[in-house]
Every structure is written in C-alpha cells, then in structure tokens.
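Take a look at the structure set out below.
The shown structure was predicted, so the numbers you read here are calculated from the model rather than taken from an experiment. Below, read A as the first sequence line, B as the second, and so on, with proteins coming before strands; counting in each chain starts at 1.
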Protein chains: 2
Amino acid sequence: MSQATKVDASVGARNRAIILTAAEKAFAAQGFKGTSVQQVADQAGLPKTNVLYYFKTKQELYLAVLKETMTLWNSSFDRATVNDDPAEMLADYIAEKMELSRTNPLASKIFAMEIINGAPNLNNYFDEEHSEWMEGRVSIINSWISSGKMQPIDPHYLLFNIWASTQHYADFSIQITRLRGAKMKKADFAEATKHLVTLTLNGCGLDVPEKYRIETR
Amino acid sequence: MSQATKVDASVGARNRAIILTAAEKAFAAQGFKGTSVQQVADQAGLPKTNVLYYFKTKQELYLAVLKETMTLWNSSFDRATVNDDPAEMLADYIAEKMELSRTNPLASKIFAMEIINGAPNLNNYFDEEHSEWMEGRVSIINSWISSGKMQPIDPHYLLFNIWASTQHYADFSIQITRLRGAKMKKADFAEATKHLVTLTLNGCGLDVPEKYRIETR
DNA sequence: TGGCACTATGACTGAATAGTCAGGTTTGAC
DNA sequence: GTCAAACCTGACTATTCAGTCATAGTGCCA
C-alpha cells in the first residue's frame with residue numbers, strides 16, 4: 001500500500017467512523033424513516049453530500065450501522081461446553097449482556113426497532129447463523145439438564161428470558177429513568193445485574209456464584 | 001340524543017374504529033414517521049381525506065392509537081393488597097401480561113417504539129400516574145417481604161423483569177418465530193407463561209401455584 | 001509538471017407526502 | 001320539502017428529503 005493510499009484512507013476511515021457514530025445516534029433516536037441524511041450530516045459536522053460520498057444511500061448507511069451493531073453480539077457463552085458449570089456460564093452471560101446494555105444502549109435500540117418492524121434488513125445469512133447459535137446453546141443447556149447439573153427447563157424460554165430482561169435496560173432506559181427518578185449509573189447496573197442473575201439462577205434451581213450474590217442488609 | 005345524531009354517530013364511530021385499527025397496524029409495523037396517512041387510508045379502505053376528516057392530523061391519529069393502547073395496561077395487580085398471597089398475585093400478573101402480549105402485540109410494539117424513541121408523546125400526566133402506580137406496587141411488595149412472605153429483593157428490578165420478559169413475546173415475536181421455526185400459538189403461550197412464572201417465582205423463593213406448574217414428562 | 005485517486009460540496013431535481021379547500025352528498029327532524 | 005349537521009372527496013399546495021451532477025481541491029508520485 002502506498003503512502004498516498006494510507007493517508008487518504010485514514011481521512012476516509014476517520015470520516016466514516018464519525019458518520020457511523022452520528023448515524024447510530026440518529027437512527028436509535030428516531031428510527032430509519034425518521035432520520036434524515038441531513039440530520040446525520042449535521043450531527044457529524046459534515047455537508048450532506050459528503051455523507052453520501054461515503055455511503056451512497058441512506059439504506060447503505062443504515063446497513064453499515066446495523067452490521068457494526070452485530071459484531072457486539074458475541075460473548076463467552078458462544079464457547080460454553082457440556083463440561084462447564086451452568087451457574088457460572090449463565091451468570092457471566094447475563095453480566096455480559098447487561099454490560100452491553102450499559103455501554104451500547106444505542107445498538108440495542110436499533111436492533112430492537114429492526115426486529116419490531118419485522119427485521120426487513122436482516123438477511124438470511126443472519127437468520128441462519130442465529131438459528132445455528134440457538135441450536136448449539138439449546139443442546140448444551142439440555143445436556144446440562146440431562147446430566148443433572150440443573151433443573152429441567154425449556155432452554156428456549158430461558159434464553160428468551162435472559163435477552164428480554166437484559167436488553168430491557170437499554171431499550172427502555174427512558175422509562176426506567178423516569179420511574180426511578182434518576183438515570184442508572186454504573187453501580188445501579190451492577191446491582192441490577194446481581195438481581196437478574198439471582199432471579200434467573202434461582203429460577204433454574206442453580207446456586208448463585210459468590211460474586212453475584214446480593215448483600216442483604 | 002336524537003335519532004339523527006345516534007345514526008350519524010354510529011357511522012362516525014364505525015369509521016373511527018376502522019381507522020384506528022388500520023393505524024395501529026401501520027404504526028406498529030413502521031413507526032410514526034414511517035407510516036403515511038395514505039397507507040392508513042388504504043388499509044382502512046377509505047380515501048385519505050376521509051381519514052383526515054376524522055383525525056385532523058397524523059399526530060392526532062397517532063395519539064388516539066396510543067391512548068387506546070394505554071387502556072389495556074390495567075390489571076388485577078393494580079388492586080393487590082398486603083393481605084394477598086404474593087405467589088398468586090405475581091403469577092396472575094405475569095399470566096395477564098402474557099395474555100396481552102398474545103392478543104395485543106401491536107399495542108405493545110407501538111408502546112415499545114414510543115419509549116425507545118424517548119417517549120415524546122407521553123405527557124406528564126402519564127408519567128405521574130405511572131410513577132404513582134409503581135410506588136404503590138413497590139410498597140406492597142416490600143410489605144410482603146417484611147412480613148416474611150417472600151425473600152428480600154428490590155421490587156423495582158422484579159417489576160422491570162416481569163415487564164421485560166412478558167412484553168418480549170410481543171415486541172420480538174418475529175425473532176422468536178424465526179428461531180423456533182414456527183409462530184407461537186395459544187398453547188405455546190401457555191407453556192411460555194408457565195416457564196416465566198416458574199422462573200420468576202422460584203427466583204423470589206416463592207412456591208409456584210398448582211396451575212402454573214410445568215409438567216415434567 | 002502533469003496525472004491520478006481520493007475527497008469535498010453547492011446547486012439542483014423528482015418523488016413523496018401532510019394538510020387544505022371548496023364543493024358535494026346523505027340523513028333524520030320538523 | 002327544507003334545513004342543519006354530519007359525512008365525504010377530488011384537486012391542489014407547500015414542504016421535505018434522498019439522491020444526482022458538475023465542478024473543484026488535495027496530496028502523492030513519476
């Protein structure tokens with residue numbers, strides 16, 4: 001790669017990143033239709049045409065944002081095996097998902113709206129990969145159950161429950177803030193995580209690992 | 001009320017209802033910005049101007065839909081008292097919320113998008129009423145705890161968890177359908193409800209009432 | 001110096017769409 | 001029959017907005 005290309009690319013890469021950040025914010029706050037390219041441009045501090053220079057269409061920009069979002073979804077639970085301890089794996093998974101809700105609420109919101117609106121931009125590839133992931137996780141949880149490591153429960157419902165309850169803290173943050181009277185801080189998330197882990201693990205008849213135990217005053 | 005008014009009103013009422021149903025569908029699928037008055041009109045089988053005759057602006061139509069949605073939110077849990085059995089009350093509340101997700105998924109989706117987008121159309125009145133409701137429920141759960149009827153847990157997190165996990169079946173129905181390979185039917189909802197009740201009540205150290213127990217094969 | 005690739009942008013266009021308006025019809029009461 | 005109120009609608013307007021285009025600047029290298 002020539003020096004020229006390198007430098008030019010770095011300008012491009014920086015602008016792309018700026019635009020993606022601005023777009024994420026706008027799309028999360030107003031959805032795809034509700035966001036204008038002009039708004040993204042303003043947020044990014046660039047002329048609209050410059051945004052369209054990097055991303056030919058609004059759709060392409062949105063897809064780029066969505067794709068970046070997806071890369072966040074990976075977790076240690078992807079690599080769980082039959083030999084792992086269910087309590088620890090599930091607790092860590094919940095904690096990871098909560099940390100994502102805390103640090104990347106916009107990504108969660110965009111994903112949520114995409115699904116609510118019928119997932120028109122998630123292709124078959126995503127569907128298949130997601131289904132495979134699900135199948136794998138279901139079978140591992142089932143083997144934990146059949147080896148007596150945890151109470152019988154349909155793993156599908158368990159996983160849905162974990163997603164729902166963790167993503168809720170990102171997607172419904174406004175409601176939560178208004179009901180609590182204050183925004184959730186890092187410490188509040190830590191507390192909420194313990195509660196979620198406790199609820200879920202007790203729910204499956206598992207012991208809560210030390211570090212997730214709620215201190216009773 | 002004169003006969004004329006009655007008849008006229010009934011035409012009006014019928015059309016209003018048709019329009020609201022069409023609008024609910026459209027708003028749930030595409031959000032406020034993504035829905036055009038023309039689309040609602042087509043869905044309702046009426047000319048656009050006729051829709052705007054009944055609802056002066058798109059915003060007014062949306063607010064009417066949102067308001068109808070809110071009337072669904074009431075539940076038996078609103079009237080829980082310290083003397084009630086927490087296991088039964090919570091189980092019934094979860095079951096009611098699940099039934100709402102099954103029968104009124106569109107309402108749930110519209111509400112979810114409204115919150116995700118920062119609740120720009122929910123007024124102070126809603127906020128205050130909602131906060132009061134929350135305070136009341138929290139204090140009842142806390143008295144259940146202090147009278148030893150259930151394990152100590154922060155009622156806020158418990159309620160958030162119930163909302164999240166039940167509404168998930170409405171809001172994320174597309175994802176659930178794709179992952180399961182088939183749409184959730186009434187029987188599947190019954191099964192999911194039992195799982196949710198079991199997870200949640202076990203989570204709080206409560207016995208699951210007979211009717212919600214999962215049959216182990 | 002000239003050439004190339006990339007970056008940048010103001011001016012414009014065409015389509016979509018919320019909302020208006022003016023005039024029309026229906027319905028029931030008297 | 002006639003009046004009023006409610007209902008209905010085609011034609012139009014004003015605005016917003018995605019995307020195009022023609023032109024220009026920048027930085028490197030041969």
(message) Measure CD/B:Glu60 against C1'/C:dG19 and give the value in whole Å, please.
(response) 13 Å

(message) Between P on D:dT13 and CG on B:Leu52, what's the gap in Å once rounded to a whole number?
(response) 18 Å

Nucleotides 10-17 of chain C: which of its N/O atoms have a protein N/O under 3.5 Å away?
none

(request) Considering just the side-chain nitrogens and oxygens of A:Asn15, establish if one lies under 4.0 Å of OP1 or OP2 belonging to C:dA8. (result) yes

(message) The criterion is ring pair (Phe, Tyr, Trp, His ring centres under 6.0 Å); which residues satisfy it with B:Phe55, sequence neighbours excluded?
(response) none

(request) Check every atom of D:dC8, C:dT20, C:dA8 against the side chain of B:Tyr53 and return the nucleotide holding the closest atom. (result) D:dC8

(request) Measure up the A:Tyr169 and B:Phe160 rings against each other and bin them: parallel (under 30°), tilted (30 to 60°), perpendicular (over 60°). (result) perpendicular

(request) Identify, with sequence neighbours excluded, every residue that meets side chain to side chain donor-acceptor pair (under 3.5 Å) alongside A:Glu135. (result) none

(message) Distance check needed: D:dC8 C1' versus B:Leu46 CG, whole Å only.
(response) 10 Å

Which atom pairs, one a donor and one an acceptor, fall under 3.5 Å between side chains of residues 40-51 of chain A and the rest of the protein, sequence neighbours left out?
| residue | atom | partner | partner atom | Å |
| --- | --- | --- | --- | --- |
| A:Asp42 | OD1 | A:Gln38 | NE2 | 3.1 |

(request) Report the distance from atom CD1 of B:Ile18 to atom P of D:dC8, rounded to the nearest whole Å. (result) 10 Å

(request) Mind checking side chain to side chain donor-acceptor pair (under 3.5 Å) for A:Glu128 and listing every partner two or more places apart, or none if nothing turns up? (result) none

Give the table of side-chain donor-acceptor pairs shorter than 3.5 Å for residues 16-32 of chain B, with sequence neighbours excluded, one pair per line with atom names and distance.
| residue | atom | partner | partner atom | Å |
| --- | --- | --- | --- | --- |
| B:Thr21 | OG1 | B:Ala17 | O | 2.9 |
| B:Gln30 | NE2 | B:Gln39 | OE1 | 2.5 |

(message) Rounded to whole Å, please give me the gap between CG in A:Asn50 and C1' in C:dA8.
(response) 5 Å

(message) Please report the distance, rounded to the nearest Å, between CZ in A:Phe55 and P in C:dA8.
(response) 13 Å

(message) For A:Lys56 and B:Tyr54, find the nucleotide of DNA chain D closest to each by heavy atoms; which residue's nucleotide sits nearer the 5' end?
(response) B:Tyr54

